[in-house]
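A quick write-up on the structure given underneath.
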Amino acid sequence: MQKLYADIIVDITQEKLDRTFQYIIPDRLREKLEVGMLVQVPFGKGSRTIKGYVIKLTDTAEFDLSRLKEIQEIVTDGLGPQSRLVRLAAWIREQYGSAMIQALKTVIPVKKKIKAREKKSIRLIMDREKAVSQLEFYRKKHQAARARLLEALLEDAELPYELAAGRLNITSAVIKALEEQQVIVCSSEKVYRNPLKGEMAEGQHISLNAEQQAAAEGIIRAWEAGDDRPSLIHGVTGSGKTEVYMELIAHVVENGQQAIMLIPEIALTYQTVMRFYRRFGERISVVNSRLSDGEKYDQFERARNGDIDVMIGPRSALFTPFQNLGAVIIDEEHERTYKSETTPRYDARETAIRRAEMEGARVVLGSATPSVESYYRALEGQYSLYQLKKRVREGELPDVCIADMREELKAGNRSIFSRRLLELTEDRLKNGEQVMLFLNRRGYSGFLSCRSCGHVLKCPHCEVSLSAHNNGKLVCHYCGYEEEIPHKCPSCGSAFLRGFKAGTQQIEELVRKQFPSARVLRMDLDTTKGKGGHDKILESFLNREADILIGTQMIVKGHDFPNVTLVGVLAADLSLHAGDYRCAERTFQLLTQAAGRAGRGERPGEVVIQTYDPSNYAVQAAASQDYEGFYWQEILFRSLAGYPPVSGMMAIHGTSEDQGQLELAMEYLKKLLDQIGKKNQLSIVGPADETVYKISDVYRKVLYVKHERREMLIMVKDRVEQYIEMNQGYKTINIQFELE
DNA sequence: AGCACGCCGACT
DNA sequence: GTCGGCGTGCTC
């Protein structure tokens, strides 16, 4: 198994060297060398010795053998944050299947030019008179480049390095020469930009209530007793999880360690950051998507240098290169933004647990509606579980009412608003209070349901809703099952089988028609496109510049509107029948969140959930804010239908511009899987079209593999990867793996 | 990034 | 001719 050659990346932070170089592995290192190791190699003309990371071990030389050099040495101190992250990248590659270089790039940001400008500068150290004569001297000697540089320096005594290299076309040789002649100095002073510029004093301490205290102390005691399991904090909305996080972070910092707090991108509000800033002062930093790559790199650099103790940010902040990481906290752990949508499709929660394991740190997950898999693990004992059941401000829970839309139809109401919702909206408008109308479109896939009995057309094999396609057929996105669209409801015989036309724009029109005097705001992808459009809309609604806010999930994320006393969920069914096994979970989370938006001020709130399926457990449990109740129903469904977390599941995504080739390839893969599966009791589902089966002329198909044990699925993935590598016919087809 | 190579103008 | 600076391109 020992390989002959190694692909090595020498300096990832340098854009031009951002690729691999192949080296020969000498006999004496062949046994020891592993992917992720830091090694010394001869590089460039003159073979100066530099360090590089091993990316891949291979037996095939992709380069003219006579030009390959040998690896010199394994660098023993592969213990810095950088090399730990490289090992994490190797794990990501292994786990989620991608090229090592891609994994590496997600873990270590590439230094961009922006950085150099801020960092390196050239300063004139000669006094003016002398410099002028020096300039004369260069001119006489026809040393154009030196003259050019000195001339520029006489205008501005200090120049950014990049400007010199760029506009003045000066090379490093020239700068070196002038440095030797003691005309200039190069300072590489690091000018970091702190995204939080000095506001407020630090050291503010908040006292915790009994429940918060118990959770924080319990976790710390477990840590000190050597319990390195991740902790899950299940805290109802408004129970003050953030205070617990801060307490834990303070503990970590006091021990001389650092902490990372992950938050879903959209939830990163100014208020949250300020709360941390007040507690921890200058020693925190924030990264978000608005930061340029250079700025992000700077913040990571600050962490590497030990200038900060706490990093707050989305998924990618997990890779902050701290020297001595103590804890990773993941807030709103159920959010799907923790799963990367691009290769490698890593899951930040799993990756955090892996990183913590490698570096001796702890992981804390928190949510008001924990994901089913996390709660399952907590109950299994893989995680330790802490509950926060009380709201900090003893606010009353909103009154939730479920409007049965089938009854509305029977009573002759064919509009999208139930009578209850209309009545309450009118009441709020009269009192000058605000209303939010929520359209939970997420995951909507075009299912068909009977408006008179609520029956939804489902796949007979997979227990998920079928989606209507343009070709007049109903399709299952797991196994590919198809049937003709029926004319009558198979359950009650009614002809009222309909899809949902779900668009915020149409809803806006209908609302305006229904309430001509109300001021209406709409918030969706269209209206938030511009810079800060998102904040602008929320702010104007907060300032009561509108009476009704219509929007998708983005309106229910963590914002407080004290004057909102009514929340209407227009069609709970939209996400409920999304055609994947997680739709009930998603619906429960969305509805719980939406309900949490009502009555945040002094007046109690009311919530109306409209649905054709009022007895559905996700709707019922959300209405009564009963997480446990929901969980047990859901886990029952998952174990009966063989879905995660009870069973392991892996998706194999195939994409290609050639539809025929793709179909063929996926069928072959299925056969291969069948073969592997004979001995191992794999269950194989599909192949089927993806929910969106074609994106910009690229066809997409998916195959699912299920097995009780996850390790088995990883083995299957390795086998399939090997198979693909051997078969050149797969060149036009891209295969990706996703473990659930 | 750092290094060498080849080009080009200036001067022994 | 040769010396030395300058810009370009490559590095397994």
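On a predicted model such as this, the values are computed, not experimentally measured, just so you know. Proteins come first, then strands; the chains are lettered A, B, ... in the order of their sequence lines, and each starts at number 1.
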Rounded to the nearest Å, what distance is computed from the CZ atom of residue R139(A) to the C1' atom of nucleotide dA10(B)? 18 Å
Nearest 0.5 Å please: distance from the CD atom of Q661(A) over to the CD atom of E663(A). 11.0 Å
State whether a side-chain donor-acceptor pair under 3.5 Å links E738(A) with Y96(A). no
Less than 3.5 Å apart, any donor N or O on the side chain of T20(A) or K56(A) sitting next to an acceptor on the other? no
Send over the distance from I50(A) CD1 to dG2(B) P, rounded to a whole Å. 10 Å
Length of the CD1-P vector between I175(A) and dG2(B), whole Å: 11 Å
Determine, for R28(A) against E73(A), whether the closest basic-nitrogen to carboxylate-oxygen distance falls under 4.0 angstrom. yes
Thinking salt bridges, do E151(A) and R148(A) make one under a 4.0 Å N-O criterion? no
Which parts of nucleotides 1-8 of chain C does protein reach within less than 4.0 Å, heavy atoms only, written one letter per nucleotide 5' to 3' as B for base, S for sugar-phosphate only and - for none? ----SSSB
Judged by modelled atom types alone, do D658(A) and S656(A) share a side-chain donor-acceptor pair under 3.5 Å? no
Between the protein and nucleotides 3-8 of chain B, list the N/O to N/O atom pairs that are separated by less than 3.5 angstrom.
none

I'd like to know if the side chain of Y5(A) and the backbone of L68(A) have a donor-acceptor N/O pair within less than 3.5 Å. no
Give one of base, sugar-phosphate or nothing for F63(A), where a contact means two heavy atoms less than 4.0 Å apart. base
Polar contact flag, side-chain donor to acceptor under 3.5 angstrom, Q299(A)-S285(A): yes
Closer to the 5' end of DNA chain B via nearest nucleotide, is it F43(A) or K140(A)? F43(A)
Could you state the atom-to-atom distance from CD1 of I9(A) to C1' of dC12(C) in whole Å? 13 Å
Could you check how far CD of E179(A) sits from P of dG2(B), rounded to whole Å? 11 Å
Distance under 6.0 Å and angle within 45° of ring axis: K671(A) vs Y668(A): yes
If you pin G44(A) and K141(A) to their nearest nucleotides in DNA chain B, which one's is more 5'? G44(A)
